[in-house]
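Throughout, protein chains are lettered first and strands after them, A, B, ... in sequence-line order, and every chain is numbered starting at 1.
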Amino acid sequence: MTEEILNKVYEPDKVEEKWAVFWEKERLFHAAPESTRPPYAMVIPPPNITGSLHLGHALNNTLQDILARWRRMSGDNVLWLPGTDHAGIATQNVVERQLAKEGIDRHTLGREAFIQRVWKWKETSGGTIVKQLKRLGASCDWERERFTMDEGLSRAVREVFVRLYEEGLIYRAERLINWCPRCRTALSDIEVEHEESRGKLYYIDYPLAEEPDQRITVATTRPETMLGDTAVAVHPEDERHRGRIGKKLRLPLADVEIPIIADPAVDRAFGTGAVKVTPAHDFNDEAMGKRHGLPFENIMTPDGKIAETPRTRTFSGKTISEARSAVTQALEQLGLLRKVEDHTHAVGKCYRCKTAVEPFLSTQWFVRVNDPKNSLAGSAIEAVRKKKIRLLPESWENNYYGWMENIQDWCVSRQIWWGHQIPAWYCVGRDVGQCGIDCKEPIVARARPEKCPRCGSADLRQDPDVLDTWFSSALWPFSTLGWPSELQPTPEKRKEAEAMLKTFYPTSALVTSFDILFFWVARMIMMGLHFMKEVPFRDVYIHALVRDAEGQKMSKSKGNVIDPLEIMSKYGTDALRFTLASMASPGRDIKLAEERIEGYRNFANKLWNAARFIMMSLPEESERATGGAGTLSIADRWIQSRLHRTIGSVNQSLGNYRFDEASALLYQFIWHEFCDWYLELIKVDLQDGSEAQKRGTAATLTTAFETLLRLLHPFMPFITEELWAHFPHPGENLAVAPYPQADAGKLDAASEGIVREIIIDAVAAIRNLRGEMNIPPSEELGLSISVDRDQGRELFERNLPYIKRLARVSHLEIGVGLAAPKMAATVLTGAAKIYIQLDETRLNKEIDRLEKGLAKLEKEMEPVEKKFSDPLFLSKAPKEVVAKLDLQRGEMREKKYKMNNDLQRFRGMIDSK
RNA sequence: GGGCGAUUAGCUCAGUGGUAGAGCGCUUCCUUCACACGGAAGAGGUCGCUGGUUCAAUCCCAGCAUCGCCUACCA
């Protein structure tokens, strides 16, 4: 056993890479669909290829890896499918920035060349995150890594698009959408982040066309959009404006006439009760404009400037903010700007570049999510309501319903180049084809059609837009498994895809953070149900966000980002993983402080040193082989029992996704039971025990530690695999060794009771007194133990060596009903009275201590005694509760009596001196 | 505006209808042959505030306060 001497300090960097490479090379995480073992599948939330591992990834993938390793070791056929997301806007932005440094933009490069460039970037830089995931220890089936723009996944995207179009669930329409003027693309509703900002509320006078001295004052936060006003609305029952409804106003600056309309959506209490209506630049006004058949006046260009129209005049070409000050200035000169107030309101920002989002009129593709006959959202709601999918923690369900019930059609087209180009074609240059059919209608097809089926023209142009990135990720749980299998290029691949889908869909669990619940999870549910006729996953475990120690969201601009890679090299991957697992309490954000990680680094080191001790303590292999099984000491039976209780609890906690509980159980057991007590106790056994007992202890020690490594492995895969390799064990690799299962036969309540009540309690009590009275550990104590019955005496006698060694006691006397020696302090444990010899200075100290202790005890007893004098408590409380409390009262009374007794004795001794 | 969550030891957080727990930090002692990334002992909390239900509330209910988050078309 001593062939290798391990270093005193565990050095993670010396073992981690070795095992990561080994696991992958040995294909230990490869899942085969034909296996007969129960399937367990997860798909990774695909990180962006632009990404580098941040703590959110680290948490997300640590939790998934714990589940994957746990289920795999427990005997399941685990598929954890990895991959990355092409991240349309984000990736395009990265490459565009790179181009900008070279002084070119994508338009000079052209679409084809630009896309080539992005692919090239992906080849060189897109693999970073995958390498980092491997370093984290993620036990994915790396042979099945996917990318959202893979050929197979792109095929799935086209198939889904075409089918939805054919079913009428995808359509093209002109309407107001969220537009990022910087990215120059449409965004979906949830890609807009709302941010409170301090702005102004401008009060502007609009003169009546017929009576220019009569004016209506409107209040707006965006004066520049007045150039696009096509009405002013008031509430139909508003006394102030009633007579004016239907009259015309002269819109200042634009110099056109607009009507005053009545609409109940107007809030009479806000501003002046009159609101300008700009249907082309405000979502409210769009709805109002449609209700009243108002014209839509677009006054903006796609890059967020004032367009050139008859209305915009001198303002055209100005940016929004330039236009705002120019318009207010012009109004002021005309005497039409009545007042300006401070006003805070929410401004929509692009989630990628934080530019203010503009409501913008344009033609886009939409997914109809609540079609009355075929409601994607409706089925998705039902799946959760009927518990086909569990959201964990459950509290997220309300959020989910709230969002899904108010969901609007999903704008899926984006005016960028990097992504899945929309499979729709148009006849070039023809509004109406030869056949007389309107050829503005797109031809939606799986592949480029040879000619227009309506007019026969071969001059077709594909829709330049690409699909929202989340469109392809919505298909992730089945597209990655090979759907649609019938479109696979070869019979073998077809068969493989069919098998994969059959075995692993629906997947078992999805682990994700709540910020993409709607971006991704809800859409996967909609698409999965629609195309697979089955939910995409059973459990959705929603974890928190990782924040810094102050609770701030980590961001590069704040400079409070903790880089998990730095943490891994400083403290080890296992320490980081264990920290994240231990902090993953449901429904609470994680505030990560470095000290915590340090603590778990220490834990890893503790384990390492326990292993060193065990290796040194065990006899040579040759000796171990001979001499039979051996007998177990009380410590052996105790640790076995404790171990199997822990095994049961850990399995249970993992089954409930309580990673925090499971890691706390492991930490507590390994450090405070296995190391603090068991290893200390068996020092006695291994030194003084019989040969048979030494063999038994050596065997128990080995088995317990080996089991413990298996139990801990999902949390700390590297150090456990490394240590396991040094120990005798069944099987080849820890990563695929069986996960411990609780064995009721190993539970031993009697031994647990003895170790707890006889050994640990006595040792702790003696140590406590030693500490209180400053008796140095080097000074050996003399003491007597008094028990009530012979049985107790026997128990103590049998365990005397443990107590003597752990409490550092030299001479010890045991008896039934022993009287206290002349100068001795008493400590009570549940099983005995322990007397410790004192001298005079210590006697004084002890008197002092007893006085304080008594005062405290009396205070503690007060509420308990009070209860027993309450007749209502005695009559109404359950019997067990009364009994339990009575027992406590008895103990406290006895303790008090004993302390009083001692106190008087000691005082007497001092006085008589 | 609506919804959700939080408020427990100096800090970060578990937890339970029956005299409060962990880790870190702190204090004291100890370099005893696994580990100073260690060992032993200890201090420290009217469990946000106010009411209610109950024999009993940190836990259940109501209100309030503070702080987060989500969501929303008061321009």
Problem set entry | C1' gap between B:rU58 and B:rG48, integer Å | 11 Å
Seminar exercise, completed: Considering only heavy side-chain atoms of A:Asn609, the closest of B:rA34, B:rA75, B:rG39 is B:rA34
Exercise. What integer number of Å spans the C1' atoms of B:rC59 and B:rG52?
Worked result: 15 Å
For this session: Kindly point out which of B:rC55, B:rC69, B:rC37 is positioned nearest to the side chain of A:Phe514?
Result: B:rC69
Exercise. Across the strands shown, which category fits A:Glu772 at heavy-atom distances under 4.0 angstrom: base, sugar-phosphate, nothing?
Worked result: sugar-phosphate
Exercise. Is there side-chain contact between A:Pro252 and A:Leu331, with heavy atoms separated by less than 4.5 Å?
Worked result: yes
For this session: Classify the nucleic acid contact of A:Pro871 as base, sugar-phosphate or nothing, counting any heavy atom under 4.0 Å across all strands shown.
Result: nothing
Exercise. Looking for any heavy atom pair under 4.0 Å, which part of the strands does A:Glu860 touch: base, sugar-phosphate only, or nothing?
Worked result: base
Exercise. How far, in whole Å, is B:rG45 from B:rU7 if one measures between their C1' atoms?
Worked result: 14 Å
Problem set entry | Span that lies between the P atom of B:rU31 and that of B:rG68, in whole angstrom | 50 Å
Exercise. Has the side chain of A:Glu16 got a donor or acceptor atom that lies under 3.5 Å from a matching backbone atom of A:Phe718?
Worked result: no
Problem set entry | Other residues, nucleotides, ligands: >12 heavy atoms within 6.0 Å of A:Gln888 CD | yes
Exercise. Counting only side-chain N and O atoms of A:Ser585, is one of them less than 4.0 Å from OP1 or OP2 of B:rA14?
Worked result: yes
For this session: Could you tell me whether A:Lys349 and A:Glu193 make a salt bridge, using a distance below 4.0 angstrom between a side-chain N and a carboxylate O?
Result: no
Exercise. Which is true for A:Ala219 with a 4.0 Å heavy-atom rule: it touches a base, it touches only sugar-phosphate, or it touches nothing?
Worked result: base
Seminar exercise, completed: Walking RNA chain B from its 5' end, the first of A:Asp676 and A:Gln668 to be reached, judged by nearest nucleotide, is A:Gln668
For this session: Verify whether one side chain among A:Asp263 and A:His292 offers a donor that lies under 3.5 Å from an acceptor in the other.
Result: yes
Problem set entry | Options B:rG18, B:rC24, B:rU19, nucleotide nearest the side-chain atoms of A:Phe873 | B:rG18
Exercise. Can you tell which of B:rU12, B:rA75, B:rU19 lies closest to the side chain of A:Arg596?
Worked result: B:rU12
Problem set entry | Nearest to side-chain heavy atoms of A:Asp267, which nucleotide of B:rA75, B:rC37, B:rA34 | B:rA75
For this session: May I have the step-by-step check of salt bridge (Lys or Arg N to Asp or Glu O under 4.0 Å) for A:Lys859 and A:Glu862, ending in yes or no?
Result: CA-CA 5 Å; A:Lys859 214 172 149 193; A:Glu862 215 174 283; over 6 Å; no
Exercise. Just checking A:Met583: base, sugar-phosphate only, or nothing, at a heavy-atom cut-off of under 4.0 Å?
Worked result: sugar-phosphate
Exercise. Nearest-Å distance, CG (A:Asn284) to P (B:rC74)?
Worked result: 7 Å
Problem set entry | Base-paired stems in RNA chain B, each at least three Watson-Crick or G-U pairs under 3.5 Å | B:1-7 with B:65-71, B:10-13 with B:21-24, B:26-30 with B:38-42, B:48-52 with B:60-64
Problem set entry | P-based separation of B:rC4 from B:rC60 [nearest Å] | 15 Å
Problem set entry | base_contact_polar (B:rA34 base, A:Glu680 side chain, donor-acceptor, <3.5 Å) | yes
For this session: Report yes if a donor N or O on one partner sits less than 3.5 Å from an acceptor N or O on the other, where the partners are the side chain of A:Arg601 and the base of B:rC37; otherwise report no.
Result: yes
Problem set entry | Closest to side chain of A:Thr221, choosing from B:rC37, B:rA75, B:rA40 | B:rA75
Exercise. Tell me: OH of A:Tyr401 to C1' of B:rU71, nearest whole Å?
Worked result: 18 Å
For this session: Between B:rA62 and B:rC24, how far apart are the C1' atoms? Round to whole Å, please.
Result: 38 Å
Exercise. Are A:His672 and B:rA22 close enough that a side-chain N or O sits under 4.0 Å from OP1 or OP2?
Worked result: no
Seminar exercise, completed: Ranking B:rC24, B:rG38, B:rU19 by distance to the side chain of A:Met892, first place goes to B:rU19
Problem set entry | Salt-bridge present (A:Glu860, A:Lys895; N to O < 4.0 Å) | no
For this session: For A:Arg658, report the nucleic acid contact type (base, sugar-phosphate, nothing); a contact means any heavy atom under 4.0 Å.
Result: sugar-phosphate
Exercise. Just how far, in rounded Å, is P of B:rG5 from CD of A:Glu397?
Worked result: 13 Å
For this session: Considering just the side-chain nitrogens and oxygens of A:Trp403, establish if one lies under 4.0 Å of OP1 or OP2 belonging to B:rG2.
Result: no
Problem set entry | Minimum heavy-atom distance between A:Ile682 and A:Ala635, given as atom pair plus value | CG2-CB, 4.2 Å
Exercise. Toward the 5' end of RNA chain B, which comes first, A:Lys276 or A:Gly599, by nearest nucleotide?
Worked result: A:Gly599
Problem set entry | Nearest-neighbour nucleotide for the A:Val864 side chain, B:rA75, B:rU19, B:rG23 considered | B:rU19
Problem set entry | A:Asn768 vs B:rA40: side-chain N/O to OP1/OP2 distance below 4.0 Å | no
Exercise. Distance only, no hydrogens: is a donor on one side chain within 3.5 Å (strictly under) of an acceptor on the other, for A:Gln652 and A:Arg658?
Worked result: no
Exercise. Hey, is A:Glu594 close enough to A:Lys570 for a salt bridge, meaning N to O under 4.0 Å?
Worked result: yes
Seminar exercise, completed: Picking from B:rA75, B:rG18, B:rA43, the nucleotide nearest the side-chain atoms of A:Lys867 would be B:rG18
For this session: Could you check whether A:Asn406 gets within reach of a base, just the sugar-phosphate, or nothing at all, counting any heavy atom under 4.0 Å?
Result: nothing
Exercise. For atom P, what is the distance between B:rC49 and B:rC11, given to the nearest Å?
Worked result: 15 Å
Exercise. Rounded to whole angstrom units, what separation is found between the CZ atom of A:Phe603 and the P atom of B:rC24?
Worked result: 12 Å
For this session: Take the protein atom CG of A:Asp870 and the nucleotide atom P of B:rC55, then report the distance between them rounded to whole Å.
Result: 10 Å
For this session: Round to a whole Å and report the spacing from CH2 of A:Trp671 to P of B:rG23.
Result: 9 Å
For this session: Check every strand shown and say whether A:Lys683 touches a base, only sugar-phosphate, or nothing at a heavy-atom separation below 4.0 Å.
Result: base
Exercise. With a 3.5 Å cut-off and just heavy-atom distances, do the side chain of A:Lys8 and the base of B:rC35 make a donor-acceptor pair?
Worked result: no
Problem set entry | Candidate pair A:Trp671 and A:Tyr667, rule ring-ring contact (aromatic ring centres under 6.0 Å, His included), full reasoning | CA-CA 6 Å; A:Trp671 199 314; A:Tyr667 184 92; 5.6 Å; yes
For this session: Provide the distance between the two P atoms, one in B:rU50 and one in B:rA40, to the nearest whole Å.
Result: 41 Å
Exercise. Heavy atoms under 4.0 Å, any strand shown: does A:Tyr600 hit a base, just sugar-phosphate, or nothing?
Worked result: nothing
For this session: Figure out the CD/P separation between A:Glu358 and B:rA75, and round it to whole Å.
Result: 15 Å
Seminar exercise, completed: Checking B:rA72, B:rC37, B:rA75 against the side chain of A:Val9 (C-beta onward), the nearest is B:rC37
Exercise. Given atom CG of A:Leu874 and atom C1' of B:rU54, what is their separation to the nearest angstrom?
Worked result: 16 Å
